[in-house]
A.B. asks: 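Dumping the structure here so I can ask a few things about it.
Because the structure is predicted, anything quoted here is derived from the model rather than measured.
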Amino acid sequence: MTDETPSNTVKPPENWTTGDETMTGAQASYLQTLCEEAGEEFDPGLTKAEASQRIDALQGKTGRGRDH
């Protein structure tokens with residue numbers, strides 16, 4: 001597969017079929033760690049899609065998860 005080939009495995013969180021479900025345990029754990037590192041409040045009531053977007057934002061803020 002080349003970089004130009006579209007993939008159905010990469011979708012924006014707002015387009016996920018299950019995006020409105022409660023975030024997974026793995027998302028909650030990682031998000032809580034990121035929130036602590038960024039000095040921000042953890043919201044346990046996020047959906048899968050919201051948690052994914054929050055993780056992306058906090059990774060950008062903390063630098064965690066981008067090169068590892």
A.B. asks: Enter the distance from Gln32:CD to Leu58:CG here, rounded to the nearest 0.5 Å.
C.D. replies: 12.0 Å
A.B. asks: Search all heavy atoms of Ala28 against all heavy atoms of Phe42 and return the closest pair with its distance.
C.D. replies: O-CE1, 3.6 Å
A.B. asks: Quick one: OG1 on Thr33 to CZ on Arg64, what's the gap to the nearest 0.5 Å?
C.D. replies: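 That separation rounds to 6.0 Å.
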A.B. asks: Please name the pair of heavy atoms, one in Arg54 and one in Glu41, separated by the smallest distance, quoted to 0.1 Å.
C.D. replies: NH2-O, 4.3 Å
A.B. asks: Okay, side chain of Gln27, backbone of Lys48: is any donor-acceptor separation there less than 3.5 Å?
C.D. replies: yes
A.B. asks: Under a 4.0 Å N-O cut-off, is there an ion pair linking Glu37 with Lys61?
C.D. replies: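 Lys61 and Glu37: not salt-bridged.
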A.B. asks: Looking at Ser29 and Gly25, would you say the former's side chain and the latter's main chain have a donor-acceptor pair under 3.5 Å?
C.D. replies: no
A.B. asks: Identify which one of Leu46, Asp43, Ile55, Thr47 satisfies the side chain to side chain contact (heavy atoms under 4.5 Å, CB included) criterion when paired with Met23.
C.D. replies: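 Filter result, single survivor: Leu46.
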